[in-house]
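Everything on this sheet refers to the single structure shown next.
What you see below is based on every heavy atom in this structure, not just the backbone, and it leaves out hydrogens, waters and symmetry mates.
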Amino acid sequence: MGSVLSRPEVNYVPETVTRSVKLLVAGNFGVGKTTFVSSISEITPLRTEETITEASIGIDDMAGLGDKTQTTVAMDFGRITLNPQLALYLFGTPGQQRFVPLWEELARGALGALVLVDTRRIERSDEVLSVLEERGVPYSVAVNVFDDAKRYPLEEVRDALDLTPETPLTALDARNRTTCLPSLITLVEFLFHRQESLP
C-alpha cells in the first residue's frame, strides 16, 4: 500500500483494517469542507453539490465567497486508511443553518469532528462550534488558509474563537493533501487520548 501522502487507487478496505472511525468535517458555508474531503480521500468522494440558484438569495449569506456557484445539500463522503489497521470515514456536513437537522443525523456514531474555519469570516464559526458542543461532539479546529486571507498567529485565532487550551488548532490548505493530513492526524490523536482518559 502506498504512502498516505500519495493518493493510492484504493476502492476497498484493506484486509488489515481492524478498526474504523466515523468523523465529521464541519464548518460554515463556503469554508472548504468539500475541497478537504476531495483532497484527502483515497476513494472517489461522494459529493452532493448543487448549483446555487436565486432561491438562495436572502437565505444563504454569500458575502466574501467570491464566485462560489455550488453548495453541498446533503453531505460529502470520503475514506482514508490512516495506517494498515485504521480506516477513517469522513462525512462533510452542509454549512447552512437550515441543514442543522441533517447534522444531527450525520453526528450519530461520529467519534468527533474537524471544524474548518475561514479567518475572513471567523465569526460564522461560532454557530458551528455551538452545534457540536450542544450535541457533545468533541472537535479540533483547522484554519483553512485562503490565498486572499490575512495570516494570523494560531493563538490569536484560538482567542477569537474562545477555544479551550486543550482543543487542538492547526492550519491547512484544503486543496493540498499534504497539509490536510497533519490536521486529520492531530484530530485522531486527540480523540483517542480523550477516549483513554474517560472513566
Side-chain angles (χ1 to χ4, degrees), residues 22-37 39-40 48-49 52 56-68 70-76 90-175 179-180 182-184 186-191 193-194:
K22 177 182 180 182
L23 298 174
L24 300 182
V25 179
N28 59 284
F29 184 47
V31 79
K33 301 177 296 295
T34 297
T35 303
F36 177 90
V37 173
S39 294
I40 204 83
T48 59
E49 288 196 310
I52 297 171
S56 293
I57 296 173
I59 298 173
D60 297 330
D61 185 356
M62 303 293 290
L65 294 180
D67 57 358
K68 183 175 176 63
Q70 293 193 311
T71 185
T72 299
V73 295
M75 67 175 181
D76 301 307
L90 307 175
F91 291 79
T93 65
Q96 298 96 315
Q97 168 67 28
R98 67 181 186 272
F99 291 122
V100 166
L102 181 56
W103 292 19
E104 295 175 356
E105 292 302 317
L106 290 176
R108 291 183 195 276
L111 189 63
L114 178 65
V115 180
L116 300 185
V117 301
D118 177 356
T119 56
R120 300 169 304 174
R121 308 162 77 230
I122 199 163
E123 70 284 351
R124 310 278 168 78
S125 303
D126 292 339
E127 184 179 0
V128 176
L129 297 176
S130 295
V131 168
L132 293 172
E133 289 168 2
E134 288 167 7
R135 286 151 184 80
V137 179
Y139 60 83
S140 66
V141 175
V143 177
N144 188 11
V145 181
F146 288 84
D147 292 336
D148 61 344
K150 182 178 177 181
R151 305 302 195 258
Y152 295 94
L154 288 181
E155 284 311 306
E156 286 189 26
V157 176
R158 180 180 297 279
D159 290 343
L161 294 172
D162 196 25
L163 299 178
T164 61
E166 61 270 16
T167 301
L169 177 62
T170 57
L172 56 81
D173 179 340
R175 302 166 297 184
T179 70
C180 293
S183 293
L184 196 55
T186 297
L187 169 63
V188 171
E189 289 176 343
F190 167 67
L191 294 173
H193 289 316
R194 185 176 179 277

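For the side chain to side chain contact (heavy atoms under 4.5 Å, CB included) test with V115, the passing option among V128, V137, L163 is V128; the others fail. Of the options D118, V117, L116, a side chain to side chain contact (heavy atoms under 4.5 Å, CB included) to V143 is made by V117 and by none of the others.
Remark: side-chain polar atoms of K33 are not paired, donor with acceptor, to backbone N or O of L24 under 3.5 angstrom. Within the 3.5 Å criterion, the main-chain N or O of A174 finds a donor-acceptor partner in the side chain of S39. Side chain of R135 to main chain of E133: no donor-acceptor pair is present (N/O by atom type, distance under 3.5 Å, no hydrogens or angles). Judged by distance alone, with hydrogens and angles left aside, the side-chain atoms of K150 form no donor-acceptor pair with the main-chain N or O of T119 at under 3.5 Å.
Residues D147 and R175 are in side-chain contact: their nearest non-hydrogen atoms beyond the backbone lie under 4.5 Å apart. Side-chain contact between F36 and L114: present, with at least one pair of heavy atoms (C-beta onward) separated by less than 4.5 Å. In this structure the side chain of K22 reaches within 4.5 angstrom of the side chain of F91, judged on heavy atoms. The shortest distance between side-chain heavy atoms of T35 and N144 does not fall below 4.5 Å. Side-chain contact between L161 and D126 is present, with at least one heavy-atom pair separated by less than 4.5 Å.
Of all heavy-atom pairs spanning T93 and A26, the tightest one is OG1-CA, 3.4 Å.
Note that CD of E189 and OG of S140 are 10.5 Å apart. Values are rounded to the nearest 0.5 Å. Rounded to the nearest 0.5 Å, atoms CG (L172) and OG (S183) are 4.0 Å apart. Atom-to-atom distance recorded for L191:CG and T186:OG1 is 10.5 Å, nearest 0.5 angstrom. A distance of 5.5 Å separates OG1 in T167 from CZ in F190, rounded to the nearest 0.5 Å. Rounding to the nearest 0.5 Å places OG1 of T170 at 7.5 Å from CG of L154. The distance from atom CD of E123 to atom CG of N28, rounded to the nearest 0.5 Å, is 8.5 Å.
A salt bridge is defined here as a Lys NZ or Arg NE, NH1 or NH2 lying under 4.0 Å from an Asp or Glu carboxylate O, and D148 with R120 meets this definition.
D173 and T179 share no donor-acceptor pair across their side chains, judged by distance under 3.5 Å alone.
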Check against side chain to side chain contact (heavy atoms under 4.5 Å, CB included), L184 and L90: CA-CA 10 Å; L184 196 55; L90 307 175; 4.1 Å; yes

Could you check L169 against V157 for side chain to side chain contact (heavy atoms under 4.5 Å, CB included), going step by step and ending with a plain yes or no? CA-CA 9 Å; L169 177 62; V157 176; 4.3 Å; yes

